[in-house]
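Only one structure is covered here, and it is reproduced in the block below.
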Amino acid sequence: PNHYCTILHCSSTHRGQYNSIQVKLGDIFPHHMTLEVWVEAHNKLGKIESEHLKEDSGWFVKTDPPSDVKVFSERSFPTSLLINWTHRIIKERVKLTYQIRYRQNGTQNWTYVPLGDTASDIKSFRLQDLQPYQVYETQVSCKNAKEGHGYWSNWSNIVTKKTPEDRPTSKPDLWRIIAEGDGIQQVQFICKDPVLANGRIIRFNIKIQDPKDKVKNGSLEWKNITRSSQGKITDLKQIDLADQKYVGVYVTATNSVGNSPVASLFITAKAHEHAPVEELKVLPHRGQLWLEWKPPNSSKLVSEYVVEWVGSAQTDWQKEMRNTTRTAIKGHLEKFVCYNVSVYPIYHGCIGKPASKKAYLEQGAPALAPVVNLNDKPGRNQATLVWTEIPQGRRRGFITNYTIFYTSGSEVHNLTVPANTNSYTLKSLSGNTKYDTWIKASTIGGSISSFNHSFTTLKYAPGEMEFIVVGVSLGFLFIMVMTMLLCVYKKDVIKENFWPQIPDPGESTIGNWLPDYPLKAETQESGLSGISVLDVDVCDGKCVFEEDKASLPLKKDKYLSEEHSSGIGGSSCMSSPRQSVSDSDEGGDMADTTASTVQYSSVVPASSGYKGQTPNSQPQQALFSRSESTQPLLDSEENPDMLLQEASRQSPPRRPRFTDGGDPAGIAEQQELLEPLDFCPLGEDSEQDTPVDGQAADWLPAAVPPLSSYMPQLGGYRPQ
Amino acid sequence: MNGHVKSMNFQQFMEQATTLLSLLLVMAVDSTRTVAASRNQQCGNPLQQTLKLSRLIQKESVDLIKTYKASQGEMSELFCKVSVNNIPDPNISGMEHSERIVSIYTHLQDFLPHFNRVYDQQTDLQSSTSPLLTELNSVRAHSINLATLTNSLYQSLFPNLPVPEPAGRPTTLPPPQNVFQQKVYGCVVLKTYKELLLNVSRELRTLKSKMCIRRIQINTFF
């Protein structure tokens, strides 16, 4: 049959990639009319049609969401909210069915009202079983009520509403903080709002029971404490536990409607008797701090657990059920802060012994670097470094190790030490080298390096310089001593080698040697024993006139004013004391005299001072020829008158030779050479060791020529 | 041969009666189902759509009257009480369902020119954004659709009957009118149209109640 149908031709062209579209079917929607819809795809090569959809117009419709959605709360129904809305489309056009969803403010998951509960053609709905004093968000959607027809509209705008208050239905969260001070244990009871506060808590009510208090008619008085306006923890009361072994605390929370159930907490002295949880582990995971533990042996008596965490400025806790062995801290934790996490088993209100561990939610590099310094002055090959410990609040993590770096400029060395050390001795360093050192403190989250500290190692090791100096000094001293000893003991040899006395041929005279001059035994009697005359022969070194020693007068002071400049004369055994003109004054001239060799002749005493000779008797005529020397002068030499008298009878006067300046005439008159005697020079001590008179005889020359035969020697004598 | 020979005529009769009764029962059920099937087809989509659309237009016509009166200014209540000639009859005529459906279709067609006349007049009298014009346009469009659906319904219910003649019969429109007359004329047309739609809805409901078979009646029957 021919069906006369109103064909509503409508087309719209859209270019591009589409798989859904909204089309406006003219100014008037063809309600209750059958629509035939298809899609044609065109390209340059042709077109193709899709399947034809022939359905009631309502089948294709997506309505707008309900408008004017309102939510009402009623004080008498704290767990319910009433939702109202208006139909935007009259039921004669299309009958609608609705869908409602709601959630608590701040949550993500929606709760959907069953479709069967939201029958079509309704304008209101009551939500039930809600939480009191909570903000809920509500949305409504609608669709053609005919099954299989139409599409759900978009959700309406979110409408929020808070449910009314109700009395608290759970206990307040009661806990305590124990502090030690002045030997007294203080307990601060703190409290948080009940989980199901069902309203704004305005105050807490507390009563404390201890054995000291008298129970009044079986009940204690409640004390009201206003809830803290800052933060979620309220300080209730602080008591001293001094001698108390038991304290019981009871707390309720109050809002505008009523009071909560009673929470209780007991502190007993027997807390340590209950074992703590075992194998407590605290580990960060995905932004939370997770705890794991094993129940204590007395787990059957445990009613719940309290997890407490103490940070730098906060203490917080949460309660867990008795069968919990793994949980995460739900409170806010800050990164890089060390928390002391404890788990307390609660035995029906009695607090047990805790198990504690320190943990970080997240570790980072320390905020403050250690300060490195030298413990003491560096050595030559080693230096001891010390560094300060980073304050607990600046560590931002557990220090795993310290790494010490040091370099002398060429290569950087490093070594790692455990975290529990704060000093280390660097060894095998180079001496006299500048080193730069720094230390790096590391955690698992990073590390930080200290500033450089420079030091220079010693050139010499401690004591080395002293050792060297002492050694050198001792060595030098030894050498000096040896040299001195050598000089002392080998003076003659040295003198002979270095200052050989070379007689001046020009001044030499031929003297008559009287070898038969008797040596009397009286020499001993005259007290001139000990005077000996040495042979002037340098090479032989013979001591001549030894028997005349005693007979020779000798002035102690003259003869024994020994020159210590043993350079005079070269005779090896010329150990006789000499008196040189240079004794007193010209010590430097000693060196000059070393060049002259003195040829001595024995001195025969010619005066009464000589043995075997009587005064005024004919003096012994001992004629000697001698050269000028620096021998000490005899008495006769000091008394030139006597010498002149003698000299007139004896040898012609001699004429001293002077190489340098001076007063040759004066010296010639006064100069008188004394025969060298066989006594050794005493060196430096010779001047000091002036022999006594009794000993003077030992030092007297063996033979003293007549006074007149000697020319006094005075200062200014110069070697020939 | 035995001497005891029973007569089995009654048993044979009962057997035949039982068989015949069973056969009749099956035929009755089958015919009922057939009728139900055919009647369900008649109670199908065209009738439902026609009925729903008539209800929609009826609702819209009620709102239209209110909007019209509110947009005509003072004394608008009096406009609808004035009698006007040459307005189509809002009553449905005919004895048979087919005749009545044709009557519905015919009356809807007869009102269209008057509707157009009122729309044109109000276009001059109202602003372009007047809601009266929007509602007039909507009712007019839905009326056209209703006429179409009525035609389709007739053809689906009575496929062997001749198709009603399409619209085009001579319609007597009033001569040019002044404003007052236009307002009166428009109110009378809309009021009469509302009555027509009320009658159409009523008629279609009646038709639906007869055409659509209920399951509970079948169960009750057996």
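Here is the naming used below: chain letters follow the sequence lines, and residue numbers restart at 1 for every chain.
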Is A:Lys161 positioned over the aromatic face of A:Tyr136, cation under 6.0 angstrom from the ring centre and no more than 45 degrees off axis? no

Min side-chain heavy-atom separation B:His142-B:Asn145 under 4.5 Å: yes

Check each atom of B:Leu53 against the heavy atoms of chain A and say whether the ones under 4.5 Å are side chain, backbone, both or neither. both

Can you confirm if the aromatic rings of B:Tyr185 and B:Phe79 lie within a centre distance of less than 6.0 Å? no

Can B:Gln49 and A:Thr34 be said to form a side chain to side chain donor-acceptor pair (under 3.5 Å), step by step? CA-CA 9 Å; B:Gln49 287 181 315; A:Thr34 299; 3.1 Å; yes

B:Lys59 portion near chain A, given a 4.5 angstrom heavy-atom threshold: side chain

Is B:Gln58 in contact with chain A via its backbone, its side chain, both, or neither, using a 4.5 Å heavy-atom distance? neither

